[in-house]
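A note on names: the letters A, B, ... follow the listed sequences, proteins ahead of strands, and every chain is numbered from 1.
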Number of protein chains: 2
Amino acid sequence: MITSRDVAQLAGVSQATVSRAMSSSSRISAATKAKVLAAMETLEYVPHAGAQAMKTQRTNTIGVVVADITNPFYPEVLDELTRELDAAGYRVVIWNAGGGSHHDALRAIQERAVDGVIFTTATEDSAELQAALKKGSPIVLINRRIDGLQCDQVTSDNLSGGAVVADYLIQHGKTRVGFIGGSESASTSRDRGQGFMNRMTEHGYPVPDDLLRQGGFSHEQSFRVMNDFINQANPPQAVFCANDLMAFGALDAVRSNGQAAPDDFWVIGYDDVEIAAWQSFDLTTVRQPSREMARVGAHMLLDRINSPQMSAQHVVFPCELIIRGSARD
Amino acid sequence: MITSRDVAQLAGVSQATVSRAMSSSSRISAATKAKVLAAMETLEYVPHAGAQAMKTQRTNTIGVVVADITNPFYPEVLDELTRELDAAGYRVVIWNAGGGSHHDALRAIQERAVDGVIFTTATEDSAELQAALKKGSPIVLINRRIDGLQCDQVTSDNLSGGAVVADYLIQHGKTRVGFIGGSESASTSRDRGQGFMNRMTEHGYPVPDDLLRQGGFSHEQSFRVMNDFINQANPPQAVFCANDLMAFGALDAVRSNGQAAPDDFWVIGYDDVEIAAWQSFDLTTVRQPSREMARVGAHMLLDRINSPQMSAQHVVFPCELIIRGSARD
DNA sequence: CAACGCGATGTATACGTATACACTCGTCAA
DNA sequence: TTGACGAGTGTATACGTATACATCGCGTTG
């Protein structure tokens with residue numbers, strides 16, 4: 001292994017000078033700097049990340065926790081996060097799925113293996129998270145929300161998003177409608193459902209119990225739920241799903257029953273992932289600005305790393321109904 | 001920051017004993033071990049990753065380079081990789097897209113920031129890669145292939161996969177067929193195209209120049225290419241795309257022209273990503289066992305990390321034509 | 001011309017851990 | 001009874017870097 005000492009020896013300077021040649025801020029003459037850089041080049045020297053981390057207590061690495069990387073929403077967020085953080089000189093380590101993700105990520109902060117963590121999903125059991133925040137761990141929540149937490153959060157206005165869907169359906173005469181949620185423990189799904197159902201109730205058409213089901217945020221489960229809806233005695237006219245992936249499942253259920261949207265059923269999703277706009281889905285959905293949320297979240301985290309005392313911010317983005325072929329007159 | 005010295009003090013032992021209490025292999029009496037672990041618990045001690053890395057020259061972190069995380073093929077591979085490596089006690093850092101990904105990943109090995117790297121994409125300009133391999137860097141190639149490289153590789157038999165498609169089409173009377181490749185520089189796309197076109201030629205129906213185009217591995221570009229095909233004087237009867245994402249683009253082009261597969265055009269993809277089986281696509285495609293490839297690649301890398309001298313292995317998986325609704329009688 | 005200041009560099013040290021080596025003390029065989 | 005032995009623990013050190021402090025030399029100013 002080539003160390004800064006080797007470089008120092010070849011360049012005829014001290015090890016400290018080699019270190020200075022690399023930190024652009026340090027005072028060093030142009031001549032010796034050039035000499036050192038040349039030696040580095042010759043020896044193909046690369047500083048040791050672990051040693052640097054021990055001295056500086058920085059790793060230039062950010063952790064990201066995602067619930068399910070195969071849900072197209074997360075790759076889009078990750079795409080934006082990796083681009084943004086990469087540009088800022090950070091690496092990205094991801095924790096996917098597994099039940100221990102949150103714990104592992106928080107531990108990685110304690111280990112000083114990452115400088116901070118972005119959660120795009122969060123169990124509501126926030127005891128450990130709360131403890132970490134009290135220790136001053138740099139943490140940002142994107143997408144999901146946890147109330148009463150002194151923590152930076154970037155979310156979209158899911159309540160309003162859900163309500164807009166209700167308005168739209170009522171306005172077009174769809175009064176018997178169903179809701180396929182993700183899971184009760186996810187704030188996103190809860191808020192979207194609540195916003196939606198409250199507004200339906202306000203309009204005088206509450207969502208009946210038999211048309212309120214959870215779809216586990218997955219295509220497969222939502223497919224089955226929609227299948228049940230279709231084949232029950234009194235099917236809904238329209239279905240609102242808590243994310244696009246489940247809307248695709250619902251659409252597929254409609255089609256595999258030899259029926260079609262919007263002719264036989266209206267199907268509406270949430271997220272507006274890229275493939276929702278594809279011709280084969282042409283999905284009416286509520287757009288949340290996921291890439292913008294990712295960008296903002298990334299910078300919030302970097303800011304917090306650099307000024308830990310700053311008080312926590314909540315940024316909320318508005319959502320917008322995107323009307324496409326799966327639900328329109 | 002709590003260090004092992006603090007734990008040692010509280011437990012009334014030396015710092016070395018604390019270190020020993022953690023490495024299960026070391027000899028230490030059960031009594032003191034318990035005492036130390038209790039102290040660790042009390043102080044919420046967590047070892048410093050950077051310091052450990054400096055001593056052990058291990059980080060328990062693996063890098064993964066992907067071409068485009070929004071292409072559903074990669075999330076599936078990443079899903080499997082993260083599960084597998086997580087279970088083995090490794091973290092996963094990803095490099096996405098950006099032109100510098102390969103360079104960054106190789107540098108991370110030199111920095112000892114990762115223990116090894118998995119490339120799921122590779123530019124054919126392999127000079128830097130070759131140099132890294134000569135230094136003994138633990139590297140595994142999944143998916144793409146680079147000839148004449150002393151490097152572990154896991155690929156699928158793309159040549160045969162392409163040929164099988166040709167056989168299938170000919171067998172069903174489709175003689176005027178097009179090919180939408182990804183890019184000339186990708187071995188996957190090249191092999192699939194070559195296997196396909198050679199076999200078409202053998203059957204006496206070579207793919208004409210005007211039906212051979214590149215689709216940049218993207219839905220959007222493939223959509224445009226297929227659009228051109230459809231609207232030219234003498235359209236193809238069928239189109240084979242070098243991956244599923246492009247096949248979706250082609251299918252969408254067919255549909256947005258008010259036509260349908262398989263009635264008007266046959267569309268065939270490659271990969272068999274999960275969504276290819278969805279009702280809305282029902283895509284005929286060539287399945288490569290991507291999750292299995294990921295698993296095997298992960299273990300090859302771990303093996304190589306532990307025994308660097310082992311000579312390089314090439315594992316090739318067979319592919320299988322999955323016949324669905326987008327291309328069948 | 002002397003004193004001062006400042007830029008440039010070297011010296012020494014600390015970051016937190018793992019481990020080679022030294023040491024103690026009890027056990028057991030001769 | 002003594003010597004050897006080994007398990008258990010402490011002491012000392014090294015990993016590779018960043019930086020506080022000391023030093024040196026040169027230019028500037030009064």
Side-chain angles (χ1 to χ4, degrees), chain A residues 1-40 43-61 89 107-115 135, chain B residues 1-40 43-61 89 107-115 135:
Chain A
M1 151 151 294
I2 308 293
T3 74
S4 55
R5 285 209 158 72
D6 301 322
V7 176
Q9 189 172 7
L10 177 61
V13 299
S14 74
Q15 179 270 328
T17 299
V18 173
S19 185
R20 278 190 276 256
M22 304 181 62
S23 70
S24 50
S25 61
S26 278
R27 302 166 314 180
I28 187 175
S29 78
T32 53
K33 181 164 186 173
K35 207 166 49 177
V36 171
L37 293 181
M40 285 175 43
L43 298 177
E44 298 183 21
Y45 166 74
V46 173
H48 189 288
Q52 277 183 318
M54 188 163 71
K55 281 303 288 184
T56 62
Q57 302 292 5
R58 286 287 190 97
T59 59
N60 295 320
T61 303
R107 184 182 166 93
I109 296 181
Q110 305 301 316
E111 290 182 0
R112 301 282 195 278
V114 299
D115 294 343
K135 284 187 205 151
Chain B
M1 149 149 297
I2 308 293
T3 72
S4 55
R5 285 209 157 70
D6 300 322
V7 177
Q9 190 171 6
L10 177 62
V13 300
S14 74
Q15 179 270 326
T17 300
V18 174
S19 185
R20 279 190 275 256
M22 304 181 62
S23 70
S24 50
S25 61
S26 276
R27 302 167 312 178
I28 186 173
S29 78
T32 53
K33 180 163 185 173
K35 206 166 50 176
V36 171
L37 293 181
M40 284 175 41
L43 297 178
E44 299 184 20
Y45 166 74
V46 174
H48 190 287
Q52 277 183 318
M54 189 164 72
K55 280 305 290 185
T56 63
Q57 303 293 4
R58 284 287 190 99
T59 59
N60 294 322
T61 303
R107 183 181 168 94
I109 297 180
Q110 305 301 315
E111 290 182 1
R112 300 284 195 276
V114 298
D115 293 344
K135 284 188 204 149

Protein-nucleotide distance ([X], atom [atom1]; [N], atom [atom2]), rounded to Å:
{"X": "A:Arg27", "N": "C:dT9", "atom1": "CZ", "atom2": "P", "value": "11 Å"}
{"X": "A:Met1", "N": "D:dT17", "atom1": "CE", "atom2": "C1'", "value": "12 Å"}
{"X": "B:Ile28", "N": "C:dT19", "atom1": "CD1", "atom2": "C1'", "value": "14 Å"}
{"X": "A:Arg5", "N": "D:dC15", "atom1": "CZ", "atom2": "C1'", "value": "10 Å"}
{"X": "A:Lys35", "N": "C:dT9", "atom1": "NZ", "atom2": "P", "value": "7 Å"}
{"X": "A:Arg112", "N": "C:dT17", "atom1": "CZ", "atom2": "P", "value": "11 Å"}
{"X": "A:Tyr45", "N": "D:dG16", "atom1": "OH", "atom2": "C1'", "value": "7 Å"}
{"X": "A:Asp6", "N": "D:dT17", "atom1": "CG", "atom2": "C1'", "value": "13 Å"}

Which of residues 53-60 of chain A have a heavy atom under 4.0 Å from DNA chain D?
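Under 4.0 Å from DNA chain D: A:Met54, A:Lys55, A:Thr56.
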Indicate the atoms forming the closest heavy-atom contact of [X] with [Y], along with that distance.
{"X": "B:Val36", "Y": "B:Val18", "value": "CG1-CA, 3.9 Å"}
{"X": "A:Ile2", "Y": "A:Asp6", "value": "CA-OD2, 3.4 Å"}
{"X": "B:Asp115", "Y": "B:Asn60", "value": "OD2-N, 2.8 Å"}
{"X": "B:Met40", "Y": "B:Val7", "value": "CG-CG1, 3.6 Å"}
{"X": "A:Met54", "Y": "B:Ala51", "value": "SD-CB, 3.5 Å"}
{"X": "A:Thr61", "Y": "A:Ala113", "value": "CB-O, 3.9 Å"}

Less than 4.0 angstrom between a side-chain N/O of B:Thr32 and OP1 or OP2 of D:dG8, yes or no?
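For D:dG8, neither OP1 nor OP2 has a side-chain N or O of B:Thr32 closer than 4.0 Å.
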Check whether any side-chain N or O of A:Ser29 sits under 4.0 Å from OP1 or OP2 of C:dT9, and answer yes or no.
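So the side chain of A:Ser29 is within the cut-off, an N or O lying under 4.0 Å from OP1 or OP2 of C:dT9.
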When you compare the side chain of [Y] with that of [X], does any pair of heavy atoms fall below 4.5 Å?
{"X": "B:Lys33", "Y": "B:Arg20", "value": "no"}
{"X": "A:Gln110", "Y": "B:Glu44", "value": "no"}
{"X": "B:Val46", "Y": "A:Arg107", "value": "yes"}

Quick check: any donor-acceptor pair below 3.5 Å linking the side-chain of B:Arg20 to the base of D:dG10?
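Check passes, donor-acceptor contact within cut-off.
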Sorted by number, the residues of residues 10-18 of chain B with heavy-atom contact under 4.0 Å to DNA chain C
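Heavy-atom cutoff 4.0 Å gives B:Gln15, B:Ala16.
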Counting side-chain heavy atoms from C-beta on, which of [options] comes nearest to [X]?
{"X": "A:Ser4", "options": "C:dT9, D:dT17, C:dT17", "answer": "D:dT17"}
{"X": "A:Ala51", "options": "D:dG16, C:dT17, D:dT9", "answer": "D:dG16"}
{"X": "B:Ser19", "options": "C:dG16, C:dG10, C:dA18", "answer": "C:dA18"}

Tell me if the CD atom of B:Gln15 is crowded by more than 12 foreign heavy atoms within 6.0 Å.
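Counting other residues, nucleotides and ligands, CD of B:Gln15 exceeds 12 neighbours.
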What does B:Ser23 touch in the nucleic acid at a heavy-atom separation under 4.0 angstrom: a base, only the sugar-phosphate, or nothing?
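It contacts nothing in the nucleic acid.
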